[in-house]
Amino acid sequence: MSTNTLTQPKKKTFDVEKVRKDFPILSQLVRGKKPLVYLDNANTTQKPKCVINTLVRYYREYNSNVHRASHYLGSKADHAYEKGRHKVQNFLKARHFEEIIFVRNATEGINLVAQTWGRRNVDKGDEILVSAMEHHANIVPWQMLCEERGATLKVIPMSDSGELDLEAYEKLLTPQTRLVGLVHMSNALGTVNPIKEMIATAHKQGIPVLIDGAQSAYHMSIDVQELDCDFFVFSGHKLYGPTGIGILYGKRELLEVMPPWMGGGDMILTVSFDKTTYNDLPFKFEAGTPHIEGVIGLGAAIDYLNGLGMENIAKHEAELMAYGTEALAQVPDLKMIGTAKHKASVFSFMLGEIHPQDVGTILDMEGIAVRTGQHCAHPVMQHFGISATVRASLACYNTRAEIDALVQGLHKAHRFMG
Amino acid sequence: MSLTQQEKAEELIEAFSFFEEWEDRYGYLIDLGKELPAMPEVLKTEESQVQGCQSKVWVVAKTSQGDGQSHIDLLVDSDSAIVKGLIAILWQVSSGYAPQEILAFDIEGLLKRLDLEEHLSMNRRNGLYSMIQRIRSLAVQGA
(Lines give C-alpha, C1' and ligand atoms only; values in the text may rest on other atoms or scores of the structure.)
Protein backbone atom coordinates (compact mmCIF):
# COMPACT_ATOMS: atom_id res chain seq x y z
CA MET A 1 0.00 0.00 0.00
CA SER A 2 1.37 3.41 -0.87
CA THR A 3 1.77 6.03 1.82
CA ASN A 4 -0.44 8.27 -0.26
CA THR A 5 -3.46 6.04 0.41
CA LEU A 6 -2.70 6.04 4.10
CA THR A 7 -2.39 9.78 4.43
CA GLN A 8 -5.39 10.56 2.25
CA PRO A 9 -8.36 11.74 4.31
CA LYS A 10 -11.22 9.26 4.25
CA LYS A 11 -13.90 11.80 3.43
CA LYS A 12 -12.99 13.49 0.19
CA THR A 13 -14.04 17.06 -0.32
CA PHE A 14 -16.01 17.90 -3.42
CA ASP A 15 -14.28 20.43 -5.66
CA VAL A 16 -16.56 21.30 -8.55
CA GLU A 17 -13.82 23.03 -10.56
CA LYS A 18 -11.80 19.84 -10.38
CA VAL A 19 -14.83 17.79 -11.36
CA ARG A 20 -15.40 20.01 -14.41
CA LYS A 21 -11.91 19.20 -15.67
CA ASP A 22 -13.00 15.57 -15.96
CA PHE A 23 -15.60 16.51 -18.60
CA PRO A 24 -13.88 17.60 -21.84
CA ILE A 25 -17.11 18.75 -23.51
CA LEU A 26 -17.73 21.43 -20.88
CA SER A 27 -14.68 23.52 -21.68
CA GLN A 28 -15.83 24.50 -25.16
CA LEU A 29 -17.10 27.82 -26.40
CA VAL A 30 -20.35 27.88 -28.38
CA ARG A 31 -22.51 30.41 -30.25
CA GLY A 32 -19.86 32.97 -31.02
CA LYS A 33 -17.42 32.20 -28.23
CA LYS A 34 -19.71 31.93 -25.26
CA PRO A 35 -18.80 29.40 -22.58
CA LEU A 36 -21.14 26.41 -22.75
CA VAL A 37 -23.56 26.32 -19.83
CA TYR A 38 -25.07 22.85 -19.88
CA LEU A 39 -28.28 22.69 -17.88
CA ASP A 40 -30.06 19.95 -19.79
CA ASN A 41 -28.89 17.14 -17.54
CA ALA A 42 -32.29 15.60 -16.91
CA ASN A 43 -32.25 14.92 -20.66
CA THR A 44 -28.79 13.41 -20.65
CA THR A 45 -25.58 14.06 -18.74
CA GLN A 46 -22.11 14.63 -20.18
CA LYS A 47 -19.43 11.96 -19.96
CA PRO A 48 -16.24 12.08 -17.92
CA LYS A 49 -12.90 11.30 -19.59
CA CYS A 50 -12.68 7.95 -17.81
CA VAL A 51 -15.89 6.79 -19.50
CA ILE A 52 -14.79 8.03 -22.92
CA ASN A 53 -11.38 6.41 -22.50
CA THR A 54 -12.93 3.14 -21.39
CA LEU A 55 -15.01 2.99 -24.57
CA VAL A 56 -11.98 3.74 -26.74
CA ARG A 57 -9.85 1.19 -24.89
CA TYR A 58 -12.48 -1.50 -25.36
CA TYR A 59 -12.48 -1.04 -29.14
CA ARG A 60 -8.72 -0.59 -29.39
CA GLU A 61 -7.68 -3.40 -27.11
CA TYR A 62 -10.23 -6.15 -26.49
CA ASN A 63 -13.31 -5.81 -28.70
CA SER A 64 -14.86 -9.26 -28.82
CA ASN A 65 -18.25 -10.87 -28.41
CA VAL A 66 -19.19 -11.94 -24.90
CA HIS A 67 -20.29 -15.39 -23.71
CA ARG A 68 -19.32 -16.88 -27.08
CA ALA A 69 -15.69 -16.29 -27.95
CA SER A 70 -13.18 -18.83 -26.67
CA HIS A 71 -10.02 -16.80 -27.03
CA TYR A 72 -7.92 -14.21 -25.24
CA LEU A 73 -9.93 -11.15 -26.34
CA GLY A 74 -13.22 -12.90 -25.66
CA SER A 75 -12.29 -13.76 -22.14
CA LYS A 76 -11.12 -10.19 -21.51
CA ALA A 77 -14.41 -8.79 -22.84
CA ASP A 78 -16.39 -11.35 -20.84
CA HIS A 79 -14.60 -10.39 -17.70
CA ALA A 80 -15.09 -6.64 -18.18
CA TYR A 81 -18.73 -7.12 -19.15
CA GLU A 82 -19.67 -9.22 -16.13
CA LYS A 83 -17.63 -6.93 -13.90
CA GLY A 84 -19.95 -4.19 -15.15
CA ARG A 85 -22.90 -6.17 -13.83
CA HIS A 86 -21.29 -6.47 -10.41
CA LYS A 87 -20.61 -2.73 -10.37
CA VAL A 88 -24.28 -2.04 -11.06
CA GLN A 89 -25.25 -4.56 -8.39
CA ASN A 90 -23.08 -2.77 -5.83
CA PHE A 91 -24.28 0.64 -7.00
CA LEU A 92 -27.93 -0.34 -6.38
CA LYS A 93 -26.95 -2.47 -3.35
CA ALA A 94 -28.81 -5.41 -4.85
CA ARG A 95 -28.55 -8.74 -3.06
CA HIS A 96 -27.72 -10.88 -6.12
CA PHE A 97 -25.85 -10.15 -9.34
CA GLU A 98 -28.48 -12.01 -11.37
CA GLU A 99 -31.04 -9.43 -10.31
CA ILE A 100 -29.36 -6.98 -12.71
CA ILE A 101 -30.72 -7.22 -16.27
CA PHE A 102 -29.14 -5.22 -19.07
CA VAL A 103 -31.64 -3.46 -21.32
CA ARG A 104 -31.41 -0.44 -23.64
CA ASN A 105 -32.82 2.15 -21.26
CA ALA A 106 -35.28 2.64 -18.41
CA THR A 107 -38.13 2.58 -20.94
CA GLU A 108 -37.19 -0.88 -22.14
CA GLY A 109 -36.92 -2.09 -18.55
CA ILE A 110 -40.51 -1.03 -17.85
CA ASN A 111 -41.73 -2.57 -21.11
CA LEU A 112 -39.99 -5.82 -20.24
CA VAL A 113 -41.83 -6.00 -16.91
CA ALA A 114 -45.15 -5.06 -18.51
CA GLN A 115 -44.78 -7.64 -21.27
CA THR A 116 -43.58 -10.54 -19.12
CA TRP A 117 -44.63 -10.12 -15.49
CA GLY A 118 -47.64 -8.08 -16.61
CA ARG A 119 -48.97 -10.53 -19.15
CA ARG A 120 -48.71 -13.35 -16.64
CA ASN A 121 -50.23 -11.50 -13.68
CA VAL A 122 -52.70 -8.95 -15.03
CA ASP A 123 -56.17 -10.00 -16.16
CA LYS A 124 -59.59 -8.60 -16.92
CA GLY A 125 -60.86 -6.34 -14.13
CA ASP A 126 -57.39 -5.87 -12.60
CA GLU A 127 -55.83 -2.49 -11.97
CA ILE A 128 -52.39 -0.97 -12.43
CA LEU A 129 -51.70 2.13 -10.36
CA VAL A 130 -49.34 4.89 -11.50
CA SER A 131 -48.90 8.50 -10.37
CA ALA A 132 -50.01 11.74 -12.02
CA MET A 133 -46.37 12.79 -12.52
CA GLU A 134 -45.12 9.80 -14.50
CA HIS A 135 -42.97 10.11 -17.59
CA HIS A 136 -44.68 8.60 -20.65
CA ALA A 137 -42.32 5.62 -20.23
CA ASN A 138 -44.19 4.62 -17.07
CA ILE A 139 -47.65 5.26 -18.52
CA VAL A 140 -47.80 3.93 -22.06
CA PRO A 141 -46.43 0.39 -21.44
CA TRP A 142 -49.11 -0.06 -18.76
CA GLN A 143 -51.82 1.38 -20.98
CA MET A 144 -50.83 -1.09 -23.69
CA LEU A 145 -50.94 -3.94 -21.19
CA CYS A 146 -54.29 -2.82 -19.74
CA GLU A 147 -55.79 -2.59 -23.21
CA GLU A 148 -54.61 -6.08 -24.08
CA ARG A 149 -55.71 -7.67 -20.82
CA GLY A 150 -58.90 -5.71 -20.17
CA ALA A 151 -57.42 -4.08 -17.07
CA THR A 152 -57.68 -0.47 -15.89
CA LEU A 153 -54.98 2.13 -15.33
CA LYS A 154 -55.57 4.17 -12.18
CA VAL A 155 -53.80 7.39 -11.26
CA ILE A 156 -52.56 8.74 -7.90
CA PRO A 157 -53.47 12.46 -7.94
CA MET A 158 -51.01 15.26 -7.14
CA SER A 159 -51.32 18.72 -5.62
CA ASP A 160 -50.52 22.02 -7.35
CA SER A 161 -47.14 22.06 -5.65
CA GLY A 162 -46.38 18.77 -7.39
CA GLU A 163 -46.73 16.37 -4.43
CA LEU A 164 -48.58 13.09 -4.51
CA ASP A 165 -51.74 12.73 -2.46
CA LEU A 166 -50.77 9.90 -0.12
CA GLU A 167 -54.23 9.54 1.40
CA ALA A 168 -55.72 9.09 -2.04
CA TYR A 169 -52.93 6.64 -2.80
CA GLU A 170 -53.90 4.36 0.09
CA LYS A 171 -57.52 4.41 -1.03
CA LEU A 172 -56.54 3.59 -4.60
CA LEU A 173 -54.83 0.39 -3.50
CA THR A 174 -57.54 -2.25 -3.85
CA PRO A 175 -57.69 -6.04 -4.04
CA GLN A 176 -57.70 -5.54 -7.84
CA THR A 177 -54.40 -3.62 -7.85
CA ARG A 178 -51.73 -5.83 -9.41
CA LEU A 179 -48.79 -3.40 -9.49
CA VAL A 180 -47.82 0.15 -8.57
CA GLY A 181 -45.57 2.03 -11.01
CA LEU A 182 -43.95 5.04 -9.37
CA VAL A 183 -41.47 7.65 -10.47
CA HIS A 184 -38.78 8.22 -7.85
CA MET A 185 -38.03 11.74 -9.02
CA SER A 186 -40.15 13.66 -11.52
CA ASN A 187 -38.32 14.80 -14.64
CA ALA A 188 -40.82 17.60 -15.25
CA LEU A 189 -41.11 18.93 -11.68
CA GLY A 190 -38.11 17.70 -9.71
CA THR A 191 -40.34 16.25 -6.97
CA VAL A 192 -38.72 13.41 -5.04
CA ASN A 193 -41.48 11.06 -3.96
CA PRO A 194 -41.50 9.29 -0.56
CA ILE A 195 -41.14 5.95 -2.29
CA LYS A 196 -39.93 3.98 0.71
CA GLU A 197 -43.15 4.69 2.59
CA MET A 198 -45.24 4.21 -0.53
CA ILE A 199 -43.62 0.84 -1.24
CA ALA A 200 -44.30 -0.27 2.35
CA THR A 201 -47.95 0.78 2.00
CA ALA A 202 -48.37 -1.29 -1.18
CA HIS A 203 -46.56 -4.25 0.33
CA LYS A 204 -49.01 -4.34 3.25
CA GLN A 205 -51.50 -5.52 0.66
CA GLY A 206 -49.00 -7.71 -1.12
CA ILE A 207 -48.80 -5.43 -4.17
CA PRO A 208 -45.42 -5.21 -5.95
CA VAL A 209 -43.93 -1.82 -6.85
CA LEU A 210 -41.85 -0.78 -9.86
CA ILE A 211 -39.72 2.33 -9.38
CA ASP A 212 -38.72 4.50 -12.34
CA GLY A 213 -35.34 5.72 -11.18
CA ALA A 214 -34.25 7.34 -14.44
CA GLN A 215 -34.00 10.75 -12.76
CA SER A 216 -33.03 9.76 -9.23
CA ALA A 217 -30.18 7.31 -9.83
CA TYR A 218 -27.62 9.99 -10.73
CA HIS A 219 -28.58 12.42 -7.98
CA MET A 220 -28.76 10.29 -4.84
CA SER A 221 -27.59 6.95 -3.54
CA ILE A 222 -29.98 4.09 -4.12
CA ASP A 223 -30.41 1.02 -1.96
CA VAL A 224 -32.96 -1.33 -3.50
CA GLN A 225 -32.89 -3.61 -0.47
CA GLU A 226 -33.61 -0.79 1.92
CA LEU A 227 -36.32 0.60 -0.36
CA ASP A 228 -37.61 -2.95 -0.79
CA CYS A 229 -38.83 -2.11 -4.30
CA ASP A 230 -39.67 -5.08 -6.51
CA PHE A 231 -38.37 -3.54 -9.72
CA PHE A 232 -36.13 -0.52 -10.31
CA VAL A 233 -35.13 0.86 -13.71
CA PHE A 234 -32.64 3.50 -14.82
CA SER A 235 -30.75 4.59 -17.94
CA GLY A 236 -26.97 4.65 -18.27
CA HIS A 237 -26.83 7.82 -20.33
CA LYS A 238 -28.28 9.91 -17.52
CA LEU A 239 -25.75 8.40 -15.11
CA TYR A 240 -22.77 9.89 -16.98
CA GLY A 241 -22.50 6.65 -18.96
CA PRO A 242 -23.03 5.71 -22.62
CA THR A 243 -26.38 5.82 -24.41
CA GLY A 244 -28.17 2.59 -25.25
CA ILE A 245 -27.58 0.83 -21.95
CA GLY A 246 -30.18 0.66 -19.23
CA ILE A 247 -30.79 -1.41 -16.13
CA LEU A 248 -33.72 -3.41 -14.93
CA TYR A 249 -33.34 -4.54 -11.34
CA GLY A 250 -35.87 -7.10 -10.16
CA LYS A 251 -36.12 -9.23 -7.07
CA ARG A 252 -34.77 -12.66 -7.95
CA GLU A 253 -37.89 -14.54 -6.94
CA LEU A 254 -39.97 -12.37 -9.30
CA LEU A 255 -37.53 -12.53 -12.20
CA GLU A 256 -37.20 -16.30 -11.87
CA VAL A 257 -40.86 -16.96 -12.55
CA MET A 258 -41.19 -14.36 -15.30
CA PRO A 259 -41.20 -15.78 -18.83
CA PRO A 260 -38.53 -14.52 -21.23
CA TRP A 261 -39.44 -11.61 -23.50
CA MET A 262 -37.20 -11.66 -26.53
CA GLY A 263 -35.92 -14.94 -27.90
CA GLY A 264 -32.57 -15.56 -29.55
CA GLY A 265 -28.98 -16.37 -28.78
CA ASP A 266 -27.54 -16.28 -25.27
CA MET A 267 -30.95 -16.53 -23.60
CA ILE A 268 -31.23 -20.27 -24.24
CA LEU A 269 -29.70 -23.45 -22.81
CA THR A 270 -30.69 -25.85 -25.58
CA VAL A 271 -32.57 -25.34 -28.82
CA SER A 272 -34.20 -27.91 -31.05
CA PHE A 273 -37.14 -27.53 -33.39
CA ASP A 274 -39.25 -29.40 -30.86
CA LYS A 275 -38.29 -27.62 -27.69
CA THR A 276 -36.07 -24.87 -26.38
CA THR A 277 -34.96 -24.54 -22.78
CA TYR A 278 -34.03 -21.18 -21.39
CA ASN A 279 -30.88 -19.97 -19.75
CA ASP A 280 -30.76 -18.90 -16.10
CA LEU A 281 -30.99 -15.38 -14.79
CA PRO A 282 -29.92 -12.84 -15.83
CA PHE A 283 -29.22 -14.22 -19.32
CA LYS A 284 -32.80 -15.40 -19.81
CA PHE A 285 -33.71 -11.75 -20.50
CA GLU A 286 -30.68 -10.85 -22.61
CA ALA A 287 -31.18 -12.24 -26.09
CA GLY A 288 -28.59 -11.53 -28.77
CA THR A 289 -25.26 -9.78 -28.63
CA PRO A 290 -25.60 -7.15 -25.92
CA HIS A 291 -24.37 -3.54 -25.72
CA ILE A 292 -20.95 -4.67 -24.51
CA GLU A 293 -19.15 -1.33 -24.50
CA GLY A 294 -22.26 0.22 -22.98
CA VAL A 295 -22.05 -2.08 -19.98
CA ILE A 296 -18.30 -1.55 -19.61
CA GLY A 297 -18.71 2.22 -20.02
CA LEU A 298 -21.51 2.29 -17.46
CA GLY A 299 -19.20 0.44 -15.09
CA ALA A 300 -16.60 3.18 -15.58
CA ALA A 301 -19.24 5.83 -14.88
CA ILE A 302 -20.20 4.05 -11.65
CA ASP A 303 -16.53 3.90 -10.60
CA TYR A 304 -16.34 7.64 -11.28
CA LEU A 305 -19.44 8.39 -9.20
CA ASN A 306 -18.18 6.20 -6.37
CA GLY A 307 -14.95 8.18 -6.49
CA LEU A 308 -16.84 11.45 -6.11
CA GLY A 309 -19.30 9.94 -3.62
CA MET A 310 -23.04 10.06 -4.24
CA GLU A 311 -23.53 11.84 -0.90
CA ASN A 312 -21.10 14.55 -1.98
CA ILE A 313 -22.89 14.95 -5.31
CA ALA A 314 -26.29 15.14 -3.60
CA LYS A 315 -24.94 17.76 -1.17
CA HIS A 316 -23.40 19.86 -3.96
CA GLU A 317 -26.57 19.74 -6.01
CA ALA A 318 -28.78 20.56 -3.02
CA GLU A 319 -26.67 23.67 -2.38
CA LEU A 320 -27.00 24.68 -6.03
CA MET A 321 -30.71 23.99 -5.88
CA ALA A 322 -31.15 26.31 -2.89
CA TYR A 323 -28.99 28.98 -4.54
CA GLY A 324 -30.88 28.67 -7.84
CA THR A 325 -34.32 28.71 -6.24
CA GLU A 326 -33.48 31.99 -4.57
CA ALA A 327 -31.81 33.49 -7.65
CA LEU A 328 -34.62 32.52 -10.02
CA ALA A 329 -37.21 34.04 -7.67
CA GLN A 330 -35.66 37.43 -8.51
CA VAL A 331 -36.40 37.09 -12.23
CA PRO A 332 -39.49 39.15 -13.06
CA ASP A 333 -42.58 37.16 -14.07
CA LEU A 334 -40.88 33.81 -13.49
CA LYS A 335 -43.32 31.18 -12.26
CA MET A 336 -41.87 27.95 -10.92
CA ILE A 337 -43.85 24.85 -11.84
CA GLY A 338 -43.34 22.24 -9.16
CA THR A 339 -42.61 23.59 -5.69
CA ALA A 340 -42.62 20.37 -3.68
CA LYS A 341 -40.87 20.42 -0.32
CA HIS A 342 -38.67 17.53 -1.33
CA LYS A 343 -37.29 18.39 -4.72
CA ALA A 344 -33.98 17.85 -6.49
CA SER A 345 -31.95 19.29 -9.33
CA VAL A 346 -34.79 20.48 -11.60
CA PHE A 347 -36.09 24.00 -12.20
CA SER A 348 -39.20 23.89 -14.35
CA PHE A 349 -40.75 27.28 -15.01
CA MET A 350 -42.62 29.74 -17.19
CA LEU A 351 -41.44 33.27 -17.96
CA GLY A 352 -44.52 35.48 -18.10
CA GLU A 353 -46.37 35.16 -21.37
CA ILE A 354 -43.26 34.38 -23.36
CA HIS A 355 -43.43 31.05 -25.16
CA PRO A 356 -41.06 28.60 -23.41
CA GLN A 357 -39.60 27.71 -26.80
CA ASP A 358 -38.65 31.35 -27.37
CA VAL A 359 -37.04 31.49 -23.93
CA GLY A 360 -35.09 28.35 -24.85
CA THR A 361 -33.96 29.84 -28.18
CA ILE A 362 -32.69 33.00 -26.50
CA LEU A 363 -30.87 31.05 -23.79
CA ASP A 364 -29.35 28.89 -26.53
CA MET A 365 -28.05 32.00 -28.26
CA GLU A 366 -26.30 32.83 -24.99
CA GLY A 367 -24.71 29.39 -24.90
CA ILE A 368 -27.08 28.05 -22.24
CA ALA A 369 -28.57 24.62 -22.94
CA VAL A 370 -31.96 23.91 -21.36
CA ARG A 371 -34.93 21.86 -22.45
CA THR A 372 -38.25 23.40 -23.33
CA GLY A 373 -41.48 21.56 -23.96
CA GLN A 374 -43.63 18.97 -22.27
CA HIS A 375 -40.76 16.74 -21.10
CA CYS A 376 -42.55 13.54 -22.19
CA ALA A 377 -45.03 14.17 -19.41
CA HIS A 378 -48.17 15.46 -21.11
CA PRO A 379 -50.41 14.64 -18.11
CA VAL A 380 -48.22 16.84 -15.88
CA MET A 381 -48.64 19.75 -18.28
CA GLN A 382 -52.39 19.09 -18.42
CA HIS A 383 -52.54 19.18 -14.61
CA PHE A 384 -51.05 22.66 -14.55
CA GLY A 385 -53.03 23.80 -17.59
CA ILE A 386 -49.91 24.78 -19.52
CA SER A 387 -48.53 23.73 -22.87
CA ALA A 388 -44.83 23.66 -21.99
CA THR A 389 -42.18 24.78 -19.52
CA VAL A 390 -38.54 25.77 -19.61
CA ARG A 391 -36.50 23.22 -17.68
CA ALA A 392 -33.01 23.80 -16.33
CA SER A 393 -31.60 20.68 -14.67
CA LEU A 394 -28.43 20.19 -12.66
CA ALA A 395 -25.62 17.67 -12.52
CA CYS A 396 -22.50 17.26 -10.40
CA TYR A 397 -20.44 19.59 -12.61
CA ASN A 398 -22.72 22.64 -12.53
CA THR A 399 -21.69 25.77 -10.67
CA ARG A 400 -23.18 28.86 -9.08
CA ALA A 401 -21.68 30.89 -11.90
CA GLU A 402 -23.78 28.85 -14.34
CA ILE A 403 -26.92 29.57 -12.33
CA ASP A 404 -25.94 33.24 -12.51
CA ALA A 405 -25.58 32.92 -16.29
CA LEU A 406 -29.03 31.35 -16.49
CA VAL A 407 -30.51 34.19 -14.44
CA GLN A 408 -28.78 36.74 -16.69
CA GLY A 409 -30.08 34.94 -19.77
CA LEU A 410 -33.61 34.98 -18.41
CA HIS A 411 -33.38 38.70 -17.65
CA LYS A 412 -32.30 39.15 -21.25
CA ALA A 413 -35.17 37.01 -22.56
CA HIS A 414 -37.56 39.05 -20.44
CA ARG A 415 -36.24 42.33 -21.81
CA PHE A 416 -36.07 41.02 -25.34
CA MET A 417 -39.48 39.42 -25.59
CA GLY A 418 -41.43 40.99 -22.76
CA MET B 1 -45.22 45.65 -60.49
CA SER B 2 -44.87 43.51 -57.43
CA LEU B 3 -41.58 41.93 -56.51
CA THR B 4 -40.62 38.44 -57.60
CA GLN B 5 -39.87 35.84 -54.95
CA GLN B 6 -36.18 36.15 -55.73
CA GLU B 7 -36.26 39.91 -55.29
CA LYS B 8 -37.99 39.49 -51.93
CA ALA B 9 -35.43 36.91 -50.91
CA GLU B 10 -32.59 39.27 -51.84
CA GLU B 11 -34.22 42.00 -49.77
CA LEU B 12 -34.39 39.70 -46.77
CA ILE B 13 -30.80 38.59 -47.22
CA GLU B 14 -29.67 42.20 -47.42
CA ALA B 15 -31.68 43.20 -44.36
CA PHE B 16 -30.28 40.34 -42.30
CA SER B 17 -26.74 41.07 -43.46
CA PHE B 18 -26.75 44.34 -41.51
CA PHE B 19 -26.92 42.56 -38.18
CA GLU B 20 -23.86 41.25 -36.46
CA GLU B 21 -25.34 40.39 -33.08
CA TRP B 22 -27.93 37.66 -32.67
CA GLU B 23 -30.08 40.05 -30.62
CA ASP B 24 -30.50 42.28 -33.66
CA ARG B 25 -31.15 39.40 -36.07
CA TYR B 26 -33.76 37.85 -33.82
CA GLY B 27 -35.25 41.23 -33.00
CA TYR B 28 -35.72 41.81 -36.71
CA LEU B 29 -37.12 38.31 -37.17
CA ILE B 30 -39.68 38.90 -34.42
CA ASP B 31 -40.61 42.23 -36.03
CA LEU B 32 -41.23 40.42 -39.34
CA GLY B 33 -43.68 38.20 -37.49
CA LYS B 34 -45.42 41.19 -35.97
CA GLU B 35 -45.93 42.70 -39.44
CA LEU B 36 -47.87 39.68 -40.71
CA PRO B 37 -51.53 40.32 -41.53
CA ALA B 38 -53.55 39.21 -38.52
CA MET B 39 -55.12 35.79 -38.66
CA PRO B 40 -58.66 35.82 -37.25
CA GLU B 41 -58.98 33.52 -34.22
CA VAL B 42 -61.88 31.61 -35.84
CA LEU B 43 -59.50 30.38 -38.54
CA LYS B 44 -57.23 28.77 -35.94
CA THR B 45 -58.79 25.34 -36.07
CA GLU B 46 -57.47 21.82 -35.76
CA GLU B 47 -57.55 21.65 -39.53
CA SER B 48 -55.45 24.75 -40.04
CA GLN B 49 -52.96 23.78 -37.33
CA VAL B 50 -49.68 22.32 -38.49
CA GLN B 51 -48.02 19.60 -36.46
CA GLY B 52 -45.36 21.07 -34.23
CA CYS B 53 -44.20 19.67 -30.95
CA GLN B 54 -44.15 22.75 -28.76
CA SER B 55 -45.33 25.86 -30.52
CA LYS B 56 -48.63 26.04 -32.33
CA VAL B 57 -48.55 27.00 -36.00
CA TRP B 58 -51.53 27.68 -38.26
CA VAL B 59 -51.89 28.28 -41.99
CA VAL B 60 -54.91 28.84 -44.25
CA ALA B 61 -54.77 29.31 -48.01
CA LYS B 62 -57.10 30.92 -50.51
CA THR B 63 -56.66 30.54 -54.25
CA SER B 64 -57.60 33.52 -56.37
CA GLN B 65 -57.27 34.55 -60.00
CA GLY B 66 -55.40 37.60 -61.26
CA ASP B 67 -53.12 38.52 -64.17
CA GLY B 68 -54.56 35.55 -66.03
CA GLN B 69 -53.27 32.99 -63.56
CA SER B 70 -54.14 31.59 -60.17
CA HIS B 71 -52.19 32.54 -57.09
CA ILE B 72 -52.32 31.52 -53.46
CA ASP B 73 -52.91 33.92 -50.61
CA LEU B 74 -51.84 32.71 -47.19
CA LEU B 75 -52.60 33.63 -43.62
CA VAL B 76 -50.16 32.25 -41.06
CA ASP B 77 -49.70 32.54 -37.30
CA SER B 78 -47.87 30.99 -34.35
CA ASP B 79 -48.02 31.33 -30.57
CA SER B 80 -44.22 31.57 -30.49
CA ALA B 81 -42.81 34.98 -31.46
CA ILE B 82 -39.66 33.50 -33.00
CA VAL B 83 -41.51 30.83 -34.97
CA LYS B 84 -43.91 33.53 -36.15
CA GLY B 85 -40.90 35.41 -37.50
CA LEU B 86 -39.66 32.28 -39.27
CA ILE B 87 -43.01 31.62 -40.89
CA ALA B 88 -43.22 35.31 -41.85
CA ILE B 89 -40.22 34.62 -44.08
CA LEU B 90 -42.06 31.70 -45.67
CA TRP B 91 -45.09 33.92 -46.08
CA GLN B 92 -43.10 36.66 -47.80
CA VAL B 93 -41.84 34.34 -50.52
CA SER B 94 -45.04 32.26 -50.83
CA SER B 95 -48.19 34.29 -50.33
CA GLY B 96 -49.53 35.92 -53.47
CA TYR B 97 -47.53 33.72 -55.84
CA ALA B 98 -48.63 31.08 -58.31
CA PRO B 99 -48.64 27.49 -57.07
CA GLN B 100 -45.89 26.59 -59.56
CA GLU B 101 -43.74 29.47 -58.28
CA ILE B 102 -44.20 28.35 -54.67
CA LEU B 103 -43.26 24.79 -55.55
CA ALA B 104 -40.22 25.87 -57.54
CA PHE B 105 -38.81 28.20 -54.89
CA ASP B 106 -35.84 26.97 -52.85
CA ILE B 107 -36.98 27.91 -49.35
CA GLU B 108 -34.36 25.77 -47.61
CA GLY B 109 -31.70 27.60 -49.62
CA LEU B 110 -33.07 30.95 -48.46
CA LEU B 111 -33.16 29.90 -44.80
CA LYS B 112 -29.59 28.72 -45.18
CA ARG B 113 -28.49 32.07 -46.60
CA LEU B 114 -30.24 33.81 -43.71
CA ASP B 115 -28.33 31.54 -41.33
CA LEU B 116 -31.64 30.23 -39.96
CA GLU B 117 -31.54 26.71 -41.38
CA GLU B 118 -30.80 25.33 -37.92
CA HIS B 119 -34.47 25.91 -37.14
CA LEU B 120 -35.39 23.50 -39.91
CA SER B 121 -33.60 20.60 -38.27
CA MET B 122 -35.42 21.39 -35.06
CA ASN B 123 -38.68 20.50 -36.77
CA ARG B 124 -39.90 18.50 -33.82
CA ARG B 125 -39.80 21.66 -31.82
CA ASN B 126 -41.12 24.38 -34.00
CA GLY B 127 -43.12 22.92 -36.84
CA LEU B 128 -41.26 25.02 -39.42
CA TYR B 129 -40.52 22.00 -41.56
CA SER B 130 -44.14 20.82 -41.36
CA MET B 131 -45.18 24.34 -42.32
CA ILE B 132 -43.11 24.23 -45.50
CA GLN B 133 -44.63 20.84 -46.35
CA ARG B 134 -48.13 22.15 -45.70
CA ILE B 135 -47.64 25.22 -47.88
CA ARG B 136 -46.28 23.00 -50.65
CA SER B 137 -49.21 20.62 -50.43
CA LEU B 138 -51.60 23.57 -50.49
CA ALA B 139 -49.79 24.77 -53.60
CA VAL B 140 -50.14 21.34 -55.22
CA GLN B 141 -53.87 21.42 -54.50
CA GLY B 142 -54.10 24.93 -55.95
CA ALA B 143 -52.09 24.10 -59.06
Novice: With a 6.0 Å cut-off (strictly less than), is the heavy-atom count around NZ of A:K34, excluding the residue itself, greater than 12?
Specialist: yes
Novice: Kindly compute the distance separating OH (B:Y26) from CE (A:M417), expressed to the nearest 0.5 Å.
Specialist: 11.0 Å
Novice: Less than 4.5 Å to any heavy atom of chain A: does that hold for the side chain of B:I82, its backbone, both, or neither?
Specialist: both
Novice: Is it the case that more than 12 heavy atoms not belonging to B:R136 sit under 6.0 Å from its CZ atom?
Specialist: yes
Novice: Is A:I354 in contact with chain B via its backbone, its side chain, both, or neither, using a 4.5 Å heavy-atom distance?
Specialist: neither
Novice: Quick check on A:K412: does its NZ atom have over 12 non-hydrogen neighbours (other residues, nucleotides or ligands) under 6.0 Å away?
Specialist: yes
Novice: Working to the nearest 0.5 angstrom, can you tell me the gap between A:H355 NE2 and B:S55 OG?
Specialist: 5.0 Å
Novice: Taking CZ in A:R104 as the centre, count heavy atoms belonging to other residues, nucleotides or ligands within less than 6.0 Å. Is the count above 12?
Specialist: no
Novice: For atom CD of B:Q65, decide whether the heavy atoms of other residues, nucleotides or ligands shown that lie under 6.0 angstrom number more than 12.
Specialist: yes
Novice: Can you see which heavy atom on B:V83 is nearest to which on A:D358, and at what distance?
Specialist: N-OD1, 4.3 Å
Novice: Look up atom CE in A:M365 and atom CD in B:E21, then write down how far apart they are to the nearest 0.5 Å.
Specialist: 12.5 Å
Novice: Could you tell me if the side chain of B:E23 sits less than 4.5 Å from the side chain of A:E366, heavy atoms only?
Specialist: yes
